[in-house]
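Numbers restart at 1 for each chain; the letters A, B, ... are given by sequence-line order, proteins then strands. In this text, all values refer to a predicted model and were calculated from it rather than measured experimentally. Both backbone and side-chain heavy atoms feed into the values below; hydrogens, waters and symmetry mates do not.
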Number of protein chains: 2
Amino acid sequence: MSRDKVSLKMDVDTQTKIKNAARLMFHRKGFAATRTRDIAEEAGINLALLNYYFRSKQKLFDIIMMETMQSFFQAMAVVLNDEQSTFKEKITAIANNYIDLLSVEPEIPLFLMNAVRSNPNVIFEKLPIKQFFLNSVFIKQFDEMVSKGKIVHNDPLQFVVNMLGLIVFPFIARPMVKEVGGLSDIQFDKMMYERRRLIPLWIKFILKTK
Amino acid sequence: MSRDKVSLKMDVDTQTKIKNAARLMFHRKGFAATRTRDIAEEAGINLALLNYYFRSKQKLFDIIMMETMQSFFQAMAVVLNDEQSTFKEKITAIANNYIDLLSVEPEIPLFLMNAVRSNPNVIFEKLPIKQFFLNSVFIKQFDEMVSKGKIVHNDPLQFVVNMLGLIVFPFIARPMVKEVGGLSDIQFDKMMYERRRLIPLWIKFILKTK
DNA sequence: GTCTATAGGGGGATAGAC
DNA sequence: GTCTATCCCCCTATAGAC
C-alpha cells in the first residue's frame with residue numbers, strides 16, 4: 001500500500017506484472033506446457049527480467065502455486081472458525097464464497113488439483129490444512145450435531161468431500177458441462193449461480209443419510 | 001484375439017507395449033510433462049520405434065486420449081440405454097461401475113479433465129456425448145419421474161453434474177482427501193467402496209429437492 | 001522391425017551493454 | 001532495472017545400418 005501504487009493497473013511494478021502474467025498462463029496451461037517466453041510476452045517485458053526477479057521458472061511457479069492455494073483455502077478458512085455463525089450458515093457461506101470466487105477464476109480448481117498431485121509434500125508441509133480443518137469450530141459444530149442426533153451422516157471426511165464435490169466439480173468439468181448442456185459462458189455462470197441456493201439444500205439432506 | 005496372443009502379458013506385440021507405457025505415463029503426468037524417452041524406457045524398447053509405429057508424440061497421445069475417453073464413458077453408456085433396468089437401478093449401476101473402474105485407475109478423471117480442456121473440439125466432434133446422453137433411456141426415465149411427480153429436481157444437467165461430482169470428485173482430489181483424512185491408499189479405497197452404497201442414497205434425496 | 005547415431009529446434013537461463 | 005544476444009541442454013524426430 002506504499003505510495004498508493006496498488007490501486008491503478010497502469011502503475012503496477014514489473015515484479016507484479018510478471019506474477020500476474022505467470023498466474024494467468026500457469027492457471028490456464030499448467031507448469032510444463034507454459035513457456036517462460038509466453039509469460040514474458042503476456043507481461044510485456046523481456047524474458048531476461050523474469051529470471052532477474054524470480055531466478056527460475058520453477059521458483060516463479062512455486063510462488064504462484066502457494067498463493068493460489070492460499071486464496072483457495074481462504075474462501076473456506078474465514079468461515080470455518082467463525083464462532084458466531086451456525087453450522088448451517090457456514091455451509092451456505094462456503095458455497096457462496098467458492099461459487100463467487102470460481103465464477104471469476106474458473107481455472108483454479110483444475111490448476112490446484114494438478115499442482116497438488118505433482119507437489120504434495122511441498123504444499124502440505126507449508127499449509128497444515130489437515131490440522132486447521134480438524135481443529136476448526138466447524139468440525140466441533142459438526143460433532144455436536146451428530147451427538148445431538150440432528151445429523152446422522154457421521155464421517156466428517158465423507159461430508160467435506162461431498163460438499164466440495166458439489167461446489168467445485170462443475171468448474172473442473174466445465175468444458176464437458178458446457179458441451180452436454182449446450183451452454184454459453186454466461187449460461188454456465190447462471191447455472192453455477194443457481195447452485196448457490198441449491199447446494200445447501202442438497203447438503204441438508206445428505207447430512208440426514210447414513 | 002488372433003493367435004491367442006492377447007492373453008499373456010509376455011507376448012504382447014511392440015505396438016501394444018508402447019501404448020501401455022504411453023497410457024501409464026500420459027495418465028500420470030499429462031502430455032507436456034511426459035517425454036517420449038520415458039515412454040520408450042517404460043515400454044522396454046528403443047525411442048525410434050515409437051515414431052516408427054505412431055509417427056509422433058502428439059498422434060500417440062491422441063490415440064490414448066480417445067481410448068481413455070471411450071472407456072470412461074463406456075462405464076456410463078452401457079447403463080444409460082438399458083431398457084430393462086429402472087431409473088434407480090441405473091444410478092446404482094453407474095456409481096458401482098465408476099468406483100470400480102477408478103479404484104483401479106484413479107488417474108483417469110484428472111487426465112481427462114485436462115485433455116478435454118486442451119482439446120475440446122477434437123473430442124466432442126468424434127464423440128457425440130451430448131446427443132447420446134440427451135436421447136438415452138435414462139433421460140426418458142428421468143422425465144417420466146418428473147412428470148409423475150416422483151422427483152422434483154427437474155434439471156437433468158444439474159442432476160448429472162451432482163451424480164458425477166459425488167462419484168468422480170474424490171478421485172480428482174485424491175491427494176487432498178488422503179492428506180486431510182490421513183489415509184493410506186488402502187484406506188482411501190475403502191472409503192470409496194463405502195461410497196458405492198452411500199451415493200445412491202444421497203442422490204435419492206437430492207432428486208427430491210428443488 | 002529394431003537398433004545406433006545424429007540432426008534440428010525449442011526453451012530455460014545468463015552475460016554483458018546501457 | 002531493462003534490454004539484446006547467445007549459450008547450451010534437452011527433447012522430438014529421422015536417417016540409415018543391420
With under 30° as parallel and over 60° as perpendicular, where do the rings of A:Phe87 and A:Phe138 fit, or are they tilted in between? parallel
Going by number, which of residues 23-32 of chain A have a non-hydrogen atom under 4.0 Å from DNA chain C? none
Using rotation axes that map the C1' atoms of four end pairs onto the next four (five pairs an end), what angle separates the end axes of the helix from C:dG1-D:dC18 to C:dC18-D:dG1, to 10°? 10°
Nucleotides 1-4 of chain D: which of its N/O atoms have a protein N/O under 3.5 Å away?
unit_1, atom_1, unit_2, atom_2, d
D:dT2, OP1, A:Thr14, OG1, 2.9
D:dT2, OP2, A:Thr14, OG1, 3.0
D:dT2, OP2, A:Tyr53, OH, 2.7
D:dC3, OP2, A:Asn46, N, 3.1
D:dT4, OP2, A:Asn46, ND2, 3.0

Run the salt-bridge test on A:Arg174 and A:Asp185 with the 4.0 Å N-O cut-off and return the result as yes or no. yes
Please state how far atom NZ in B:Lys59 lies from atom C1' in D:dA13, giving the value in whole angstrom units. 12 Å
Could you tell me which residues satisfy salt bridge (Lys or Arg N to Asp or Glu O under 4.0 Å) with A:Arg55, sequence neighbours excluded, listed by chain and number? none
Looking at every heavy atom in both A:Ile172 and A:Met113, which two are closest together, and how far apart are they? CD1-CG, 4.2 Å
Would B:Lys130 and B:Phe124 count as a cation-pi pair here, with the cationic atom under 6.0 angstrom from the ring centre and within 45° of the axis? no
Taking salt bridge (charged side-chain N to carboxylate O under 4.0 Å, His left out) as the cut-off, I'd like each qualifying pair that reaches into residues 30-51 of chain A, sequence neighbours left out, listed once. A:Arg35-A:Asp38
Gap between atoms CD and P, on B:Gln58 and D:dC11 respectively (whole Å): 18 Å
How about B:Phe73 and B:Phe132: are their ring centroids closer than 6.0 Å? no
Measure the acute angle between the ring planes of A:Phe171 and A:Phe188, then classify it against the limits of 30° and 60° as parallel, tilted or perpendicular. perpendicular
Between A:Ser85 and A:Lys90, is there a side-chain donor-acceptor contact under 3.5 Å, judged purely by atom types and distance? yes
Contacts under 3.5 Å, N or O only, protein and nucleotides 9-11 of chain C:
unit_1, atom_1, unit_2, atom_2, d
C:dG11, OP1, A:Arg35, NH1, 3.4
C:dG11, OP2, A:Arg35, NH1, 2.3

Could you tell me how far apart A:Leu50 (CG) and C:dT14 (C1') are, to the nearest whole angstrom? 13 Å
